[in-house]
Protein chains: 8
Amino acid sequence: MKKLSPRTRVVTGAVLVAALGAGTFGAMSASASSPAAAPAAAVKADTADRNLQQTTHLTVAAATRAAQATLDAAKKENQRISVAVVDRNGNTIVSLRGDGAGPQSPESAVKKAYTAVSWNAPTSELVKRLEQAPNLKDIPGTLFLGGGAPVQVKGAPVAGIGVAGAPSGDLDEKFARAGVAALGR
Amino acid sequence: MKKLSPRTRVVTGAVLVAALGAGTFGAMSASASSPAAAPAAAVKADTADRNLQQTTHLTVAAATRAAQATLDAAKKENQRISVAVVDRNGNTIVSLRGDGAGPQSPESAVKKAYTAVSWNAPTSELVKRLEQAPNLKDIPGTLFLGGGAPVQVKGAPVAGIGVAGAPSGDLDEKFARAGVAALGR
Amino acid sequence: MKKLSPRTRVVTGAVLVAALGAGTFGAMSASASSPAAAPAAAVKADTADRNLQQTTHLTVAAATRAAQATLDAAKKENQRISVAVVDRNGNTIVSLRGDGAGPQSPESAVKKAYTAVSWNAPTSELVKRLEQAPNLKDIPGTLFLGGGAPVQVKGAPVAGIGVAGAPSGDLDEKFARAGVAALGR
Amino acid sequence: MKKLSPRTRVVTGAVLVAALGAGTFGAMSASASSPAAAPAAAVKADTADRNLQQTTHLTVAAATRAAQATLDAAKKENQRISVAVVDRNGNTIVSLRGDGAGPQSPESAVKKAYTAVSWNAPTSELVKRLEQAPNLKDIPGTLFLGGGAPVQVKGAPVAGIGVAGAPSGDLDEKFARAGVAALGR
Amino acid sequence: MKKLSPRTRVVTGAVLVAALGAGTFGAMSASASSPAAAPAAAVKADTADRNLQQTTHLTVAAATRAAQATLDAAKKENQRISVAVVDRNGNTIVSLRGDGAGPQSPESAVKKAYTAVSWNAPTSELVKRLEQAPNLKDIPGTLFLGGGAPVQVKGAPVAGIGVAGAPSGDLDEKFARAGVAALGR
Amino acid sequence: MKKLSPRTRVVTGAVLVAALGAGTFGAMSASASSPAAAPAAAVKADTADRNLQQTTHLTVAAATRAAQATLDAAKKENQRISVAVVDRNGNTIVSLRGDGAGPQSPESAVKKAYTAVSWNAPTSELVKRLEQAPNLKDIPGTLFLGGGAPVQVKGAPVAGIGVAGAPSGDLDEKFARAGVAALGR
Amino acid sequence: MKKLSPRTRVVTGAVLVAALGAGTFGAMSASASSPAAAPAAAVKADTADRNLQQTTHLTVAAATRAAQATLDAAKKENQRISVAVVDRNGNTIVSLRGDGAGPQSPESAVKKAYTAVSWNAPTSELVKRLEQAPNLKDIPGTLFLGGGAPVQVKGAPVAGIGVAGAPSGDLDEKFARAGVAALGR
Amino acid sequence: MKKLSPRTRVVTGAVLVAALGAGTFGAMSASASSPAAAPAAAVKADTADRNLQQTTHLTVAAATRAAQATLDAAKKENQRISVAVVDRNGNTIVSLRGDGAGPQSPESAVKKAYTAVSWNAPTSELVKRLEQAPNLKDIPGTLFLGGGAPVQVKGAPVAGIGVAGAPSGDLDEKFARAGVAALGR
């Protein structure tokens, strides 16, 4: 798949300003279940920018599109799966429990996605690393079974897509890759 | 406290490119506990930028500095507290268990920080909202007690600082505000 | 053990055959992560139909469509939310973490959906029942805040849609209802 | 919102009406611990039938009968066990802690049942699959020990029966199969 | 280590021998999932009887019968419920998820049973005690809603029966009492 | 298992009265944190004795004595350990965190005790069973490391004693056996 | 808070050597379940004493004695309770499940002890503070019911004793105080 | 273990008074979130000093300094990690989630620190012990991967530093050792 062109660089000045202007952090809906209060004066000072870093995430629209492409790929092969998309911070963005998929599949999918984004590699490759470091698989949140694929920006991981429920991890991972591919189109 | 000048806007073009070039996502240390493998060709396609969004976070250096300023403020008043910094995604960045602080304080601090950043308001204010919506306090991860303060960029929440262990929530929150203030300097 | 006779086929002949032919139970992908084994002879006897009942569920396609309609309704009003769809058995079918929604929102959305489908009523109505039975809210998995709406078939609940992250539960529930409405079209 | 037209009734008219008339979804007892409220008008629109799928479950009467047949089979051989029946969605329908069975047996029985229904195979067979995919056993909710048997309808899994507490997994599984057999009578 | 002398036999000779001969503790099936090993000599010394106490429990057969009587009573009134039986040690003996009962009902039933046996009173009565001690309801494992009833031997609690899913706690408790009554016949 | 003869019935009038007079069930302190209420008439019917079974437990006095003998044995050899006593139902009766013992030791001790009483064998023996059934160790609550010893009455398990913190499981188990031995004196 | 004078420095050279010689930290049993390895040279550098502080704890012998005095006090009044001792760091040192005590009592006792040591006050007093700060009771690990008493050294908390199972919190707390009193003798 | 000489007694009058005067136990901030109450007279009796022991801990200032030295060491080598400091009681004192570190790293770091302080050895050495006792790794809270290093006082463990996120456990542990080294300066 093609690399990002300069023009598709993740965030260029104006775009980001706009994004923030549009309330990336929920400024307009910051309070919940009660009328929005004016933030208290005493703690409202903005932090200086040297204190800040940006992280890159899939939009929920993109993540959902990828998850659906994953389900579609499985459906074509008559397989019943669940799929999840987890971001680089380990938070689940999308979880879809597929029709007729086994009850173990939704959580397995989340864990495979988590594993793929944590090490920035497909879980089928990560399984091999257990030969040298077998206890990697004891790390909380992980699952070392084929079916997880990282989503990357310039080689760095921004998300993982995990699939579970097909008769083999290879098949699961094939569907996960279809989800990744849908993001490059 | 002063607002961000245009020049301190969260991310301007070149800065972000550099940040990503420097491997914001851990590209150089993507694999763990085994030799870095080359990412598998099949799933390496970069996602298109229309699929992406940026979120703003405190650096760990800034968050630690804020937490220490919080501890220092408490020490001046002879109070024993714990402090935590939680980001807008709900992940804990810094947790410090203060000398002699009660055993309940570290987790309380995390929950107050989480609550403040979730609603972008000091927890002392959020307590008042329970009058209309008392069950807000049943939301997992939250604690509706004074002692949490949001960290904001242009009014939007990027983190929360939570404090627990002092004889009152007001005192806890005073120390949390000292932590926020340290970020504006 | 003997196979099901035609006369004991689950539900009625053609309907079930079709349902199974369409793979409702994942017969074609019954094994995971290893080649599909032939089911062991000894335990393969089909159960008699008097032992069976059917339950009705949204397809994942429908649930995802409803969730996206929910997100769209929120976006129109510039609100940042998360949404979940939970089935009548209490299992989460879809969970979407919206862009910029607070970290507390995904789990809150699941719990509101769970609450709505459990009692077959909008959570804004269920809140009122706490006046007579305040401890209802201590039931595990529930959240008694506006924002959950049941999906019904002939008045019976088949799913719940839950929303969290807007400034009020009423607003959350308005978006959940938009998701329900999308299923009726 | 409009009601379902007759033509969009779930599955086919008579069959479903009957099912619903029999109260599959608890329409008559939809609310709990407070007088049944009329469902709120605003969210009551029935979903269209193209959005629906049916899943097949054991009745609680059948599942209890199977569990008791399992206990009886063990008693004949002087073995003390616990037994569980889990449905295809992973929910526990019946759990019986046998007289004198070890304290580890109830949860083990649930996990074996869960494993058998997830992969639609006896757990004694599933153990063998670990040779190729040893980390399957790290999937949450599973237990790869003999003693679990699937309950099938036309080859598709509708439930699992799990047994624990006998001196060997083979013996546990013999009793589980006796439970399955009771459903075919 | 020395064996128990006749005089130190647990409780009184004949009774206990009979009880043990009848296998109260699973002596014949003490090991699980592997051939029964002879207990190691070094730790086999029997404990002296002054160290022992007896506790009374429902048999699983009785508990299952009570649970089914509970389901039957609900069915007569067209109510869909789940039921659980918990012993005086807090362990769940029987859990039945009723057809069409809400997803919140199985765990609610367990907690009501647990609450009733802990305080040896119907949960509808225990709710009233919250007036003086409102935080009783924060005790882990409890649920202060009508629907739990104690099973007693000479006034002392040996088990609790809990019911959930009917439109009111009073109705739930009526069915639980039907289960208790079945034990007295 | 043969039926109890009248003479060996688990609870006959006089015997039970005595047992209750001795307070087996806490009849005098059945209610907590509020004045003892008279049990409600409606549910007070005593269960018939054919529904009952007795189980044997260590008194807390005996269990504490055993645990202290365990600590003493370790102290003589200059070892720092924690110790736990778990009953046949899997409930922890005594847990003592020894001076200077590692933080992992209290929970390890509980799990070893649980394992020993579940299979009625020392955990050092149970470790060997993993050769044939390696996944036994995945059963929740267990720990397959030397250091657990069963307490028996006529060969049947009534409790387990678990020890953790010494440099080897053999040493841990030596101390556990010392605790068992103290019960035989 | 004034600085430590040299003479009151928490740990001065000789004192610490002696304390360690006495094995406070388990130097002689530092490794578990495998032969003691010599600590690796590279990380063995001792930390400087300005980095250290001392905390005061009950010995396990003292804590057990207090717990037994608590049980004895309850027994005299024919009450069945459980008791726990928790240290100032929140770790449970002793947990005893009393004969015939309700199943809810062991965990309640731990939480009351935890609450008492966290705020250095009897839980019966702490209940009153909920009038001003009702959400204090949402802090994880706490239970705001009478029955917890702090153990103090010169007014500072070193442990808490918690009791549960008697008909009132006042009675529970009376027994907890008896445990505290046993430490002063 | 030899007895403490009077001079080294864990708590002698004057020393303890001084230590407490310096506020070791938070006497001045003992109550939280409400005005400090005078401790209740009835339970205020100080415990006798023969009941006490002292344990040694890093100050939070020292632990934070060590954690930052660890992050600095990683930064020099362009590695993205998280770091944690856990005390000998198993409580986490400091947790820092490094910029760009994988989502699995914060909890992995805590577990490595916990493992190192529990056995007083680097986790890279502890991994080797699994050859003889493979189930050590099933002990709750542990992680047997390189990256944890103990902090010692005269050879006894007072804390552990854990690191996760670098491409190998050896590299993780190198950074952890840098944190330990910072305490010796």
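Below, chains carry the letters A, B, ... as their sequence lines are ordered, and counting in each starts from 1. Reckoned from all heavy atoms, side chains included, excluding hydrogens, waters and symmetry mates. Computed from a predicted model, the values in this text were never measured in an experiment.
Interface residue D/T92: only backbone heavy atoms are found under 4.5 Å from chain E.
For the options E/I93, E/T59, E/L58, heavy-atom pairs under 4.5 Å to chain D are most numerous at E/I93.
The only member of E/N91, E/V85, E/D87 that meets side chain to side chain contact (heavy atoms under 4.5 Å, CB included) when paired with D/R97 is E/N91.
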Please list, one pair per line, the donor and acceptor atoms closer than 3.5 Å that link side chains of residues 63-72 of chain D to other protein atoms, with sequence neighbours excluded.
residue, atom, partner, partner atom, Å
D/T64, OG1, D/V60, O, 2.6
D/R65, NH2, C/N51, OD1, 2.8
D/T70, OG1, D/A66, O, 2.9

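Applying the salt bridge (charged side-chain N to carboxylate O under 4.0 Å, His left out) rule to pairs touching residues 130-148 of chain E yields C/D138-E/K137, E/D138-G/K137, sequence neighbours excluded.
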